[in-house]
**Q** 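Here you go, one structure.
Keep in mind that what you see is a predicted model, and the values were worked out from it rather than measured. All chains are named by letter (A, B, ...) in the order of the sequence lines, taking the proteins before the strands, and each is independently numbered beginning at 1.
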2 protein chains.
Amino acid sequence: MAERGRPRKFDREEALARAMELFWRKGFAGASLSELTAAMGINPPSLYAAFGSKEALFHEAVSLYGRTESPEIWLAIEQAPTAREAFDGFLRATAFSFTQPDKPHGCLIVLGALHADDAGSEAVCAALRKMRADNVTDLAARLRRAVDEGELPAGTDCDGVAAFYVTVQQGMSIQARDGASRETLLAVADGAMAAWYGLTGGRPAARLC
Amino acid sequence: MAERGRPRKFDREEALARAMELFWRKGFAGASLSELTAAMGINPPSLYAAFGSKEALFHEAVSLYGRTESPEIWLAIEQAPTAREAFDGFLRATAFSFTQPDKPHGCLIVLGALHADDAGSEAVCAALRKMRADNVTDLAARLRRAVDEGELPAGTDCDGVAAFYVTVQQGMSIQARDGASRETLLAVADGAMAAWYGLTGGRPAARLC
DNA sequence: CTCCTTTTTTATCGATCAATACATAAATCG
DNA sequence: CGATTTATGTATTGATCGATAAAAAAGGAG
């Protein structure tokens with residue numbers, strides 16, 4: 001079971017983290033092999049031996065992103081007692097995650113590969129698109145749970161509400177990439193939550209009466 | 001004043017329109033010279049003689065986009081009698097514009113150049129970023145006008161509200177590019193408008209009382 | 001030690017990128 | 001007409017793209 005051959009000189013996870021950071025900052029097509037190898041501190045043959053291809057490296061980088069950056073965003077969706085607190089926490093965590101110092105602003109899954117440049121990046125683009133679609137599904141599932149639990153009316157348009165909040169979050173990626181401050185994104189989150197009772201038809205805002 | 005030399009064989013505006021369509025669909029970096037010349041029906045020397053460079057062609061394409069696609073979106077902002085109708089019309093027109101058949105879905109100004117790949121595209125990226133920032137400014141100006149006219153309270157956070165609605169619109173570009181239907185985008189627009197009274201502190205939704 | 005396996009470094013591969021040289025063609029000007 | 005000007009088509013330019021060939025280096029296995 002002991003490893004045969006010359007031992008790898010670099011830390012694979014560390015190199016992957018550097019690749020993820022570069023993909024996050026420049027996108028799949030925008031991060032060139034020479035930039036990747038420079039950031040990872042290795043030569044091209046080492047990259048291909050360890051990860052297979054630029055596309056495979058990107059998929060691993062996205063997976064790492066999902067394991068390191070996403071959980072804090074989705075924590076509230078899973079753990080908050082009410083759907084309203086879940087969505088509010090979701091958007092507030094997004095505002096924090098998208099404006100971390102010393103990290104690229106915005107979301108890798110939204111900004112990483114919007115255009116299917118050539119045949120090679122079509123698969124990459126489709127993978128991110130599916131992850132974005134899954135986000136809508138997950139939010140809708142949380143809303144349906146709220147309907148089942150009686151927090152929201154039976155007629156709630158869970159898919160439509162989920163689409164709205166995902167759209168806001170995706171817009172926050174653009175805003176964050178454009179330099180919007182954490183405070184601005186939190187204000188956007190508050191704005192989206194201002195639509196909650198009107199959207200869900202749940203308990204109205206009593207102070208308005 | 002008569003034109004000297006051999007007359008141009010192609011229609012410059014028509015070729016520009018084809019270039020705009022390709023940039024819109026694939027982004028600045030994603031649209032290669034060979035694809036551009038193929039779409040425009042001309043050879044590289046003709047492109048450079050008529051437009052100067054790929055970057056200059058992109059700027060002209062963005063200008064054409066602003067003249068042909070943007071007006072219908074911004075019409076309501078300028079002409080609607082109330083700010084609420086202005087923003088509602090703005091988002092509904094966006095939903096229509098972003099899902100036109102036989103045209104790329106989403107907005108060229110949002111999707112055209114998110115990453116500053118190299119030194120050449122940094123200027124392109126910055127130009128689009130400025131246009132996106134100007135959008136926030138324009139929406140905020142419409143809100144301030146509503147404050148002046150008494151439609152909205154004096155304490156309204158015009159910049160924050162403008163940031164929210166621009167964020168929603170930018171998220172709609174991602175959604176449209178991902179294949180969201182016109183109906184879905186209209187539902188997102190309705191969702192954003194559901195936040196209006198809560199955000200602006202204006203006249204509350206009477207039906208909730 | 002000698003084999004064997006794997007990683008390393010160096011140098012490069014063919015393809016494609018944005019951008020041009022060059023010669024020819026098609027118009028106006030004198 | 002010849003001279004000038006501009007556009008066109010063909011063929012390339014140097015640079016960079018993602019991906020490798022080849023040989024030296026560094027470990028364990030026998």
**Q** Mind calculating the distance between OH (B:Tyr48) and C1' (D:dG9) to the nearest angstrom?
**A** 16 Å
**Q** Under the criterion ring-ring contact (aromatic ring centres under 6.0 Å, His included), which of B:Phe164, B:Trp74, B:Tyr197, B:Tyr165 is the partner of B:Phe87?
**A**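 It is B:Tyr165, the one option of B:Phe164, B:Trp74, B:Tyr197, B:Tyr165 that forms the ring-ring contact (aromatic ring centres under 6.0 Å, His included) with B:Phe87.
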**Q** Report each atom pair, protein N/O against N/O of nucleotides 24-27 of chain D, whose distance is under 3.5 angstrom.
**A**
{"unit_1": "D:dA25", "atom_1": "N3", "unit_2": "A:Arg6", "atom_2": "NH1", "d": "3.2"}
{"unit_1": "D:dA26", "atom_1": "O4'", "unit_2": "A:Arg6", "atom_2": "NE", "d": "3.3"}

**Q** I'd like to know whether A:Leu185 forms a side chain to side chain contact (heavy atoms under 4.5 Å, CB included) with A:Thr94, so could you lay out the CA-CA distance, the side-chain angles of the two residues, the decisive distance to 0.1 Å, and finally the verdict.
**A** CA-CA 8 Å; A:Leu185 292 192; A:Thr94 293; over 6 Å; no
**Q** Can you measure B:Leu22 atom CG to C:dA18 atom P for me and round it to whole angstrom units?
**A**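 To the nearest whole Å, that distance equals 11 Å.
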**Q** With the side chain of B:Arg8 defined as its heavy atoms from C-beta on, choose the nearest nucleotide among D:dT8, C:dT7, C:dA19.
**A** D:dT8
**Q** Testing A:Glu183, A:Gln175, A:Arg182 for side-chain hydrogen bond (donor to acceptor under 3.5 Å, both in side chains) with A:Thr99, which one passes?
**A**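 For A:Thr99, the side-chain hydrogen bond (donor to acceptor under 3.5 Å, both in side chains) check succeeds only for A:Arg182.
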**Q** Let me know the distance between CZ of B:Phe51 and P of D:dA7, rounded to the nearest Å.
**A** 12 Å
**Q** Got a donor-acceptor contact below 3.5 angstrom from the A:Arg92 side chain to the A:Ala189 backbone?
**A** no
**Q** Would you say A:Lys9 places a side-chain N or O within less than 4.0 Å of OP1 or OP2 belonging to C:dT9?
**A** yes
**Q** Determine the minimum heavy-atom distance between A:Leu111 and B:His115, stating which atoms define it.
**A** O-NE2, 2.5 Å
**Q** Using a strict heavy-atom distance below 4.0 Å, which residues from residues 24-45 of chain B are in contact with DNA chain D?
**A** B:Asn43, B:Pro45
**Q** With the side chain counted from C-beta on, respond yes when B:Arg177 and B:Pro104 share a heavy-atom pair under 4.5 Å apart, and no when they do not.
**A**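 Yes - at least one pair of side-chain heavy atoms lies under 4.5 Å apart.
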**Q** Under a 4.0 Å threshold between the charged nitrogen and the carboxylate oxygen, would B:Arg12 count as salt-bridged to B:Glu60?
**A**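 Counted as a salt bridge, because a side-chain N and a carboxylate O are separated by less than 4.0 Å.
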**Q** A:Arg12 CZ to C:dT8 P: how many Å, rounded?
**A** 12 Å
**Q** Return the set of residues passing salt bridge (charged side-chain N to carboxylate O under 4.0 Å, His left out) with A:Lys130 (not counting sequence neighbours), or none when no residue passes.
**A**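 A:Lys130: salt bridge (charged side-chain N to carboxylate O under 4.0 Å, His left out) contacts with A:Asp134.
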**Q** Can you tell me the distance, in whole Å, between the CG atom of A:Leu47 and the C1' atom of D:dC17?
**A** 14 Å
